[in-house]
Structures are given as structure tokens and as C-alpha cells.
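Here is how names work: the chains are called A, B, and so on, in the same order as the sequence lines, proteins then strands, and each is numbered from 1.
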Number of protein chains: 2
Amino acid sequence: MATIRDVAKLADVSVSTVSLALSNPARVSQKTREKIRQAIAAVGFVADPLAQSLARGRSRMIGFVVGNVGNPFFGDIRRELENYALDHEHFVVVTDSSGKTDRERAMVEHLIGLKTAGLALAPSGYDQDYVAFVAGLNVPIVCFDQKVAGIERDFVGSDNYLAGAMLTEHLLQLGHRRIAFITGPSHMHTATERYRGFAETMANAGIDVNPNFVVDGQFTRTAGYEAAMRLLIQHERPTAILGANNTVALSALQAMQELGFRCPEDISLAMIDNVQWSSVITPRITMVVQDTLALGSIIARRLMHRIRSPQGAVEPPEDFVLAPKFVPGNSCRRI
Amino acid sequence: MATIRDVAKLADVSVSTVSLALSNPARVSQKTREKIRQAIAAVGFVADPLAQSLARGRSRMIGFVVGNVGNPFFGDIRRELENYALDHEHFVVVTDSSGKTDRERAMVEHLIGLKTAGLALAPSGYDQDYVAFVAGLNVPIVCFDQKVAGIERDFVGSDNYLAGAMLTEHLLQLGHRRIAFITGPSHMHTATERYRGFAETMANAGIDVNPNFVVDGQFTRTAGYEAAMRLLIQHERPTAILGANNTVALSALQAMQELGFRCPEDISLAMIDNVQWSSVITPRITMVVQDTLALGSIIARRLMHRIRSPQGAVEPPEDFVLAPKFVPGNSCRRI
DNA sequence: TGATCAAATCGAACCGGTTCGATAGAACGC
DNA sequence: GCGTTCTATCGAACCGGTTCGATTTGATCA
């Protein structure tokens, strides 16, 4: 591999001139620039990004840290970020924490060690320790998906309260009163907000929610399945189930199918968040989806802004909250 | 950030001794080792991975390069690799080429620039140029999923011929004769092998395949949908459709549903590869799935072996081909 | 023609580690 | 008691760039 010294020797200039010609061509004379250009071509020189990062203290990498890269929600956002970053000569490396806080921490530390230019982070933690950890990171960061109380960073996400309220109102309009809600983890902002949207909308309609109708699905498949089963075995069962995310809702659908309930004839179902191949799942589930492309675009722009612009680096953190979209299916019937 | 020189100063030894104590403790006396340990703790020293990589010419990163991280097939493999790598003090960075060869190339070059210890690569190319490119990479590589003719590297994948043949035989046993096949790109090994499994099994059964029954789905949603439509509008339509991968098969299901065909009553459907939430897709599709966990495990072990062991680095490339598994659904009926 | 100043280029230090040959001192054998 | 071997440690060079103050070159002006 040719180094910058090989180029310098061949072009008969100093190493520093070659470096300068590359990073700030205007400060090198036309003639010298040409000599260097030819020398670079002759020896096939490509700057070593590692050495550059070490010397500069900053690399051209952007870390994308999420709990599950397989989730299409994160996939869409990743794609947006990647395209935008590539257009600005940056490079996205993806790491998956599998939702484990300690693993996420190790990964973030590793990325920081790599002198990443910036981080797009979907936080997996929530406690004091975690907040302090994120606060202590000295690198541009845009958080998304989960809003964590105490983290003073840019945040990009959806109005989850609205998402929960929209679906609840829809079910109310269809005549449902016995509506069950499968929740997510109570430490997750998305989960609590979606539930709040449900609970307040029900309260505003003057309906008491049966406490047995609120079950914890942990946003996971196993817990969601179990939660759904608990709903389905009740004598006075709900006429509609609202899943706080795609995983628990689909687990509920599975549970319903297994027990022999028809959807929507016996029980209606609605969910927050899209899922791959939702178009071939029968019935097509009524849902509220996030605008992943817009979210991704905002994350990308905000992060690159902080990375590239000197004043961007010191701007106070801002929240960007987008409205979700209602997508009707045929999983909710009028009663 | 504390550097190794701070540690050396505090412990009153040379920099090289500190380095030695860290990388090869046995060669440093007990007393000195302890002094260094305390000094490290006192100043909070953590070695800069960038500087280490530059000096060593190798990092502790493993690159995972695929065309679509959102595909659960790749997701499972990634998880296996990640867990195994983490146990061996390595760190996986994921990059997604979106299936574009030039982007994959740029990413691989970037990863090599980062002095990655090794690469797990799902090749996206196939031509002479591409083969030469992969051949020229001077780093441990394990290829998987697509076997590319001419690439002399370890390969881990499934027996795709068998996968195609198994489903074809299954449909034959159920009495089907007019079986259609939606193919993938002809330059992909998985696609051609799966088709070969279909075609030879049909030939062995003495059945002529109607040329109109073999349509190109490109492994994509749009092409798969279009291909399925071409099958469905034929007057003498197939009694069963075999999708060469999950995407084209589900596109076919969607097309069938949209036109009003019932599956399996009107047309049977089978596919190769699993898909998330296949359990809630109606009907449950009969399929042949790859053993992703085993594939991931083999990839991980093989790659780490090449990375860590001196003789592993020079072993001749080997192919690891696993048999797929038949998973019955209720999308194929006896006729 | 000589002083002045800007533009072009250079040299050296630096980023933060690793590695290897050299050296000092201890242990050993005879 | 002296040469030999081994162990522990050190110094310097190196990985491949960047950066900045210093120096050279060339143009401008009195």
C-alpha cells in the first residue's frame, strides 16, 4: 500500500505539501498540485482512514445504534440516514444491541473509541446511570424513537399519545366500549404515551376501563401472546383489542386464531406501527403508522448539521415530533 | 483522555513496558505489573483502539456485509455471529449495501481501510470484475448465502437444489401436475439452483413444464407481483405456484387475494425461505427453510478460526452446505 | 534596487499506540 | 571468580497521516 511519503518522494515535494494539497487544494500552486495528482495516480495512493482519524481526532463514520436492525421501522430510518450520509461523504456503521443496555453501552463506547463523527441512537435504557452515560458522551448525538427523560439531546420521534388516541377514537366511533389494551414496558416513553392516549380518550368518552383489560405485553412476542391469552379467556371478554405495537398485536392475532376466534367478526384488532407484509396478513390490520422516511430524513439532516457546521455543534437540543398516520384495514368491525 | 504515556510516567516505567504488560503480562515481573495496574486505574486509562489498529495493522472489528439487514435470514445470522464474536473480544459492524454492487464495494473497501480483522460477506455481484475484486482482498473472508463461481473463499450456505426439489416433490405427491415456478435473478446461485431442483424433479417425474409457467420474479416484490399476475391471468392456469423465495411467494399470495383466488382451494402455494410472522399469515404457507442458526454458527466459527489461528489463515477454502428443512403449512391441497 | 508582504512550501512535532533490538542485572555453571 | 544465559526493562523507530510555525520564493511598491 502506497503511503503519502511515497507520493511526496515521487512528486519531489514534502509530505506536508501533499497533505495540504489533498485537504486544501487552494493553498497549493497549480503546478505542484498537478505534480502531486500524477504521483498519486502513479503509485495508487489512497489515504489510510485510520491514520487520518487518529491524527484528526475525528473520523467520517456515523454510528447507528438500535436494539433491532431487523425491525423495518429502524430499517427505513437507517436507509434514509445512509443515503444522506453517503451524499456527504460519511459512512454509516450499524450496531445492534439486541435491546440490552450494557451491550449498547459497550458498542457506543467502541464507536466513540473509533472517533465516530456522530451517533444516531435509539436509547435502550432509562435509569439515572444511563442518562448520565449519554450525557457524558462528547460527540454529536441525535436520539430517536424513545424519548428518555433527562437526556438533553436532539430527539426525533412520533406523537405516540396521538397514535394511541387515534386508534381508540376509531374503535369508539365503531361502537366499541369494551376495548382492551396490550401495553409495552412501563419504562418506555412510547409505551406509556400510547397508553396515555388510550386511557385519556376512554376517560374523555366517559368510559371506565375494566382493569383486566389492560395487560402487559412488554412489546415482545412471548409476553404479548401471554397477555392476549389472558384477555381471551375472560368470560366478559373485550370486543376490541388495541396493541401498543406491532409485535404484541400480531401475537394477539395469533392467539385469537389458535383459540378459534375470528377477527374482526368476534374481536376487532388494531395496532400501532406497521409490519412487513401487512398486506398479506388476513385480516389486514387497522393501524397507525409512523412516517419513517420523514423521521429518517430529519435524523440525518440534524445529525449532519451538528457534525459539519460549527454553530450546529453548539445549538441547544431540539425535539422533532411528527404526527403518525391512520391506515385503515379490515380488522375492526362496527358493533 | 489518559494515554499510555501518562500511565508510564505515573508507574515510573517506560511506555514499552506498559504496552508489554498489557499485551503479554507473563513477560513482566509481578511487581511492575502491579504498579502499572494501579497507575492505569488511577488515571483511568483505556487504550485507543484506533492507535492500536494503526500500529498493529489489524483491528478487532468484524465486518458484516449484506444486501438487506432487514431480512430476518440475515438477522439471525448476524445475531449468531455477533454473540460469538463478542465472546472472543471482537466487535461486529454491520453494513447494508441495499443489494448494490458498487455500494457494497465501497463499503468493503472502507472496512478494509479500517483494518477489519475479517469479513462475513453475502456477495451481491457475480461478474468477472466482482470475482477479481473479492479475490484481491487480503483479509479473512467467509462468504455466505450466494455461492459465486470463481470466488475462492470459504462458503457457507444451504443446499438450494434440494430446497427446490423438496417442495416440487411435495406438490407432485399431492397430485399437482401444472406447477408454476417464480424464479429469481439468473445470476444468483440460489435462484438457479432452486430452479434446477424444480426442473429436474419435474423432468424425473416425466412431466413437461409449460414454458408459460416459469416466470421471472427477480426475488423482488414488484417483479414477483407482476410475475404472479402473468400466471393468474392464463386461461389454463397452474394448480400450484412455487415461489423461489419468500418475497416472490408472498407477492403471489397478495396477487391471488386481490384477484379473488382462494389459497389453497383454487391454487396451492409453497415457498423457499421463512418470513417474519409467517404464523399469522393466512393460509400458513408450506415452505422449506434454511437453518439460519447453524449457518450463523458455522460462519462465526470459521471466520474467527481464520482470524485467530495462524494455520487457520492459510487453510484452503472450504464449502459448508447445509440441508434445508421442510415446514408444512396449509397452503397446499391435495388434488 | 532594496524593503515589504503575501503565497507556497517545508520540517518537525504530534496523534497514541506497538515492536524489536539493545542493555543492565540476576542467576547459574564450572 | 568469571564467562554465560536468562529475565526484565528500556529506547527508538514505526504505523500513516495532520498541523502549525518557520522559511523560502516571488511579486509589489517606493
[atom1]/[X]: more than 12 non-hydrogen atoms of other groups inside 6.0 Å:
X      : atom1 : answer
A:E89  : CD    : no
A:Q311 : CD    : yes
B:R58  : CZ    : yes
B:D102 : CG    : yes
A:N138 : CG    : no

Rounded to the nearest 0.5 Å, what's the gap from CD on A:E82 to CZ on A:R79? Could you check?
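Reported value, rounded in 0.5 Å steps: 8.5 Å.
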Can you tell me if [X] and [Y] form a side-chain donor-acceptor pair at under 3.5 Å?
X      : Y      : answer
B:N71  : B:R78  : no
A:Q290 : A:T292 : no
A:Q52  : A:S59  : no
A:S297 : A:R301 : yes

Bend angle of the helix from C:dT1-D:dA30 to C:dC30-D:dG1, from helix axes over five pairs at each end, nearest 10°
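For the helix from C:dT1-D:dA30 to C:dC30-D:dG1, the axes at either end differ by 50°.
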List every contact pair, protein side and nucleotides 6-8 of chain D side both N or O, where the distance is under 3.5 Å.
none

Which atom pairs link the protein and nucleotides 14-17 of chain C when you take only N or O atoms and keep those under 3.5 Å?
from: C:dG16; atom 1: N7; to: B:R5; atom 2: NH2; distance (Å): 3.1
from: C:dG17; atom 1: OP1; to: B:D48; atom 2: N; distance (Å): 3.4
from: C:dG17; atom 1: OP2; to: B:I4; atom 2: N; distance (Å): 2.7
from: C:dG17; atom 1: N7; to: B:R5; atom 2: NH2; distance (Å): 2.5
from: C:dG17; atom 1: O6; to: B:R5; atom 2: NH2; distance (Å): 3.2

Interatomic distance where [atom1] belongs to [X] and [atom2] belongs to [N] [whole Å]:
X     : N      : atom1 : atom2 : answer
A:L22 : C:dT9  : CG    : C1'   : 16 Å
A:D12 : C:dT9  : CG    : P     : 12 Å
B:L20 : D:dC10 : CG    : P     : 11 Å

Restricting to ring-ring contact (aromatic ring centres under 6.0 Å, His included), what partner residues turn up for A:Y84, sequence neighbours left out?
A:H88
Residue-phosphate contact under 4.0 Å: B:T17 side-chain N/O, D:dT9 OP1/OP2
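No, B:T17 has no side-chain N/O under 4.0 Å of OP1/OP2 on D:dT9.
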Does a side-chain N-to-carboxylate-O contact under 4.0 Å join A:K31 and A:E34?
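No, A:K31 and A:E34 are not salt-bridged.
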The criterion is side chain to side chain contact (heavy atoms under 4.5 Å, CB included); which residues satisfy it with B:A120, sequence neighbours excluded?
B:F64, B:L81, B:F144, B:I299, B:L303
Table of protein N/O atoms under 3.5 Å from nucleotides 24-26 of chain C N/O atoms:
none

